[in-house]
J.: 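Starting off with a structure, shown below.
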Amino acid sequence: MTDKEIRQKAASRLAASSGSCVSLIVFLFAVLTFLALCEATIYLSIRDTAYGGLYDLGRLTQSRSVLAFWVIKTLMELALMTPLSNLVRRQFIDVARGRRMNDTRQYITAHAFKYYSRAFYSSFIHNLIKFFAAVPGMISLYGIYYWSYVTRINDLTLRGLFVLTVCVGFTVVWIGLLVRYYISLALTPYIMALNPRTNVFDACDLSVRLMDGQHIRYIKFVAYFLLYLPLVLLIYPIMGIYPYYKISYTLLIDELLGDFSNDKMPGMIKRWRKYR
């Protein structure tokens, strides 16, 4: 299908399952609201105590306790959000393919611990690969920071100016390569959602191979939806725009996966119902 045909099919799928899509958006908002309330509760509880400095981001690189607090807090939030975002992704796959969401929801509920633990593990490894890929760029960014801010321009030696120039050039090139690599990994979460038993490293490798030569199409497809950003600022249009984007995106992923878009979940649900 062309991108236009994908968007047309997504619009028809959205019209047929509008109620289910709205319920998914409400669910996402509820989770985000819960996290925001937890964050506000923690902040207000320790703001006037000796631990109030933990929210001082200026001390993030200076204090080990502040760094440890933010690392632990971030991991806990990811541990909550990752499985839930995986669940929403899985449900939008069902909507995009015209299947019943209730079947998948019942199966996931019955195997909640195993499903969510696998979802968290695969997402953690996926993001860890992205993080390690970004490390050289982070080092070069620190080089720019050090030689342009810590070391004043007037104090730059010829060697320092050379290093600063190299860091700037390397950072620009690495950001371009990093964006390309991140796009190459875009299929990984969907490969894992279609077959939760897949090895996450194999899923990453398959994603990179299938995305070869598809980067421009991917960028154009996602860029089209940037036209809707002004409407998103009005809040209420999100109820229609976000599901439309997710269904369209899922159909694009199906198109890119090709013969590898075989969904294992219906078979898993069928076997579960047979032997439960």
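Everything numeric in this text was worked out from a predicted model, so none of it was measured.
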J.: Is there a side-chain contact (heavy atoms from CB on, under 4.5 Å) between D263 and R97 once you walk through the steps?
T.: CA-CA 10 Å; D263 191 358; R97 295 190 171 191; 3.1 Å; yes
J.: What residues form a ring-ring contact (aromatic ring centres under 6.0 Å, His included) with Y244, not counting sequence neighbours?
T.: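 With sequence neighbours excluded, Y244 shows a ring-ring contact (aromatic ring centres under 6.0 Å, His included) to F225, given in chain and number order.
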J.: Drop me the distance from M192's CE to I125's CD1, to the nearest 0.5 angstrom.
T.: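 One gets 10.0 Å once the value is rounded to the nearest 0.5 Å.
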J.: Do L206 and L187 have side chains that get closer than 4.5 Å, going by heavy atoms?
T.: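 No, every pair of side-chain atoms sits at 4.5 Å or beyond.
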J.: Quick one: are Y242 and F92 in side-chain contact, heavy atoms under 4.5 Å?
T.: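 Heavy-atom side-chain distance check passes, below 4.5 Å.
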J.: Quick check for you: to the nearest 0.5 Å, what is the distance between L210 atom CG and S184 atom OG?
T.: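 With rounding to 0.5 Å, CG (L210) is 10.5 Å from OG (S184).
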J.: What pair of heavy atoms forms the shortest contact from E255 to R217, and how long is it?
T.: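 Heavy atoms of E255 and R217 come nearest at CG-NH1, 3.8 Å.
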J.: Do the side chains of S122 and T188 get nearer than 4.5 Å, heavy atoms only?
T.: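 T188 does not reach S122 side chain to side chain.
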J.: Return the set of residues passing side-chain contact (heavy atoms from CB on, under 4.5 Å) with K220 (not counting sequence neighbours), or none when no residue passes.
T.: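 side-chain contact (heavy atoms from CB on, under 4.5 Å) list for K220, sorted by chain: I216.
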J.: Could you walk me through whether F124 and V200 pass the side-chain contact (heavy atoms from CB on, under 4.5 Å) check?
T.: CA-CA 10 Å; F124 178 77; V200 63; over 6 Å; no
J.: Do other residues, nucleotides or ligands put more than 12 heavy atoms under 6.0 Å from Y116 OH?
T.: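 Counting neighbours around OH of Y116, more than 12 heavy atoms of other residues, nucleotides or ligands fall under 6.0 Å, so yes.
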J.: How far apart are the closest heavy atoms of G240 and L14, and which atoms are they?
T.: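 Looking at all heavy atoms of both residues, the closest pair is O-CD2, 3.8 Å.
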J.: With a cut-off of 3.5 Å and sequence neighbours excluded, list every side-chain donor-acceptor pair involving residues 22-35.
T.:
from: S23; atom 1: OG; to: S20; atom 2: O; distance (Å): 2.5
from: T33; atom 1: OG1; to: F29; atom 2: O; distance (Å): 2.7

J.: Is there a donor-acceptor pair under 3.5 Å between the side chain of S123 and the backbone N or O of F120?
T.: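 Between the backbone of F120 and the side chain of S123 there is no qualifying donor-acceptor contact (under 3.5 Å).
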J.: Please tell me whether V179 and L226 are part of a single hydrophobic cluster in this structure, the criterion being side-chain heavy atoms less than 4.5 Å apart.
T.: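 Per the 4.5 Å side-chain linkage, V179 and L226 are not co-clustered.
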J.: Mind checking what makes salt bridge (Lys or Arg N to Asp or Glu O under 4.0 Å) contact with E39, not counting sequence neighbours?
T.: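 Residues passing salt bridge (Lys or Arg N to Asp or Glu O under 4.0 Å) with E39: K73.
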J.: Could you work out, with salt bridge (Lys or Arg N to Asp or Glu O under 4.0 Å) as the rule, every residue matching R89, not counting sequence neighbours?
T.: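 Here no residue qualifies.
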J.: Looking at Y107, is its backbone amide N or carbonyl O close enough to the side chain of H111 to form a donor-acceptor pair, meaning the two atoms are under 3.5 Å apart?
T.: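 Answer holds: yes.
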J.: Kindly indicate, with the supporting measurements, whether the criterion side-chain contact (heavy atoms from CB on, under 4.5 Å) is fulfilled by I183 and I219.
T.: CA-CA 8 Å; I183 293 175; I219 292 173; 3.6 Å; yes
J.: Under 3.5 Å, is there a donor-acceptor pair between the side chain of S45 and the main chain of T41?
T.: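 Confirmed, S45 side chain pairs with T41 backbone.
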J.: So, the side chain of S207 versus the backbone of A203: is there a donor-acceptor pair under 3.5 Å, distance only?
T.: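 No.
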J.: May I ask you to test the I93-D254 pair for a side-chain heavy-atom distance under 4.5 Å?
T.: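 They are not in side-chain contact.
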J.: Could you work out, with ring-ring contact (aromatic ring centres under 6.0 Å, His included) as the rule, every residue matching Y190, not counting sequence neighbours?
T.: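 Y190 satisfies ring-ring contact (aromatic ring centres under 6.0 Å, His included) with Y249 once adjacent residues are dropped.
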J.: Could you check R273 against Q106 for side-chain contact (heavy atoms from CB on, under 4.5 Å), going step by step and ending with a plain yes or no?
T.: CA-CA 10 Å; R273 285 183 169 170; Q106 290 172 5; 3.2 Å; yes
J.: Holding to side-chain contact (heavy atoms from CB on, under 4.5 Å), I want the full list of residues that pass it with I42, two or more places apart in sequence or in another chain.
T.: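 Result, side-chain contact (heavy atoms from CB on, under 4.5 Å) vs I42: I46, Y55, F69.
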J.: Going from CD1 on I6 to CD1 on I253, what distance comes out if it is rounded to the nearest 0.5 angstrom?
T.: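 That separation rounds to 9.5 Å.
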J.: Considering non-hydrogen atoms only, spot the tightest contact between A133 and P136 and give its length.
T.: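 Smallest heavy-atom distance, with atoms named: O-CD, 3.6 Å.
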J.: With sequence neighbours excluded, tell me which residues meet side chain to side chain donor-acceptor pair (under 3.5 Å) with D202.
T.: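 For D202 there are no side chain to side chain donor-acceptor pair (under 3.5 Å) partners, ignoring immediate neighbours.
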J.: Please report the shortest heavy-atom distance between P196 and M265, naming the atom on each side.
T.: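 Shortest heavy-atom contact: CG-CE, 4.1 Å.
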J.: Measure the spacing between CG of D103 and CH2 of W272 and express it to the nearest 0.5 Å.
T.: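 One gets 8.5 Å once the value is rounded to the nearest 0.5 Å.
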J.: Mind checking the CG-CD spacing from L251 to E5? Nearest 0.5 Å is all I need.
T.: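 Between L251 CG and E5 CD, I get 11.5 Å after rounding to 0.5 Å.
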J.: Which residues satisfy the salt bridge (Lys or Arg N to Asp or Glu O under 4.0 Å) test with R105, sequence neighbours excluded?
T.: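 Once residues adjacent in sequence are excluded, R105 has no partner under the salt bridge (Lys or Arg N to Asp or Glu O under 4.0 Å) criterion.
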J.: Within a strict 4.5 Å, meaning less than it, do heavy atoms of the D3 and Y224 side chains meet?
T.: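 Answer no - side chains too far apart.
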J.: Do any pairs count as a ring pair (Phe, Tyr, Trp, His ring centres under 6.0 Å) and have a residue in residues 170-189, sequence neighbours left out, and if so which ones?
T.: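 The answer is F170-W174.
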J.: CG/L256 to CZ/F221 distance, rounded to the nearest 0.5 angstrom?
T.: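 Answer rounded to 0.5 Å: 9.0 Å.
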J.: Hey, does the side chain of T171 reach the backbone of C167 with a donor-acceptor pair shorter than 3.5 angstrom?
T.: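 Yes: the side chain of T171 pairs with the backbone of C167.
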J.: If you take all heavy atoms of C204 and H126, which pair is closest and at what distance?
T.: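 Shortest heavy-atom separation between C204 and H126 comes out as SG-CD2, 4.2 Å.
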J.: Would you say that Y115 contacts N86 through its side chain, given a criterion of any heavy-atom pair below 4.5 Å between the two side chains?
T.: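 Contact flag for Y115/N86 side chains = yes.
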J.: For D205, enumerate each residue passing the salt bridge (Lys or Arg N to Asp or Glu O under 4.0 Å) test, keeping only those at least two apart in sequence or located in another chain.
T.: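 Here the qualifying residues are R209.
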J.: Residues two or more places apart in sequence or in another chain: which of them pass side-chain contact (heavy atoms from CB on, under 4.5 Å) with D94?
T.: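 If we apply the side-chain contact (heavy atoms from CB on, under 4.5 Å) test to D94, skipping adjacent residues, the hits are R90, Q91, R99, M101, T104.
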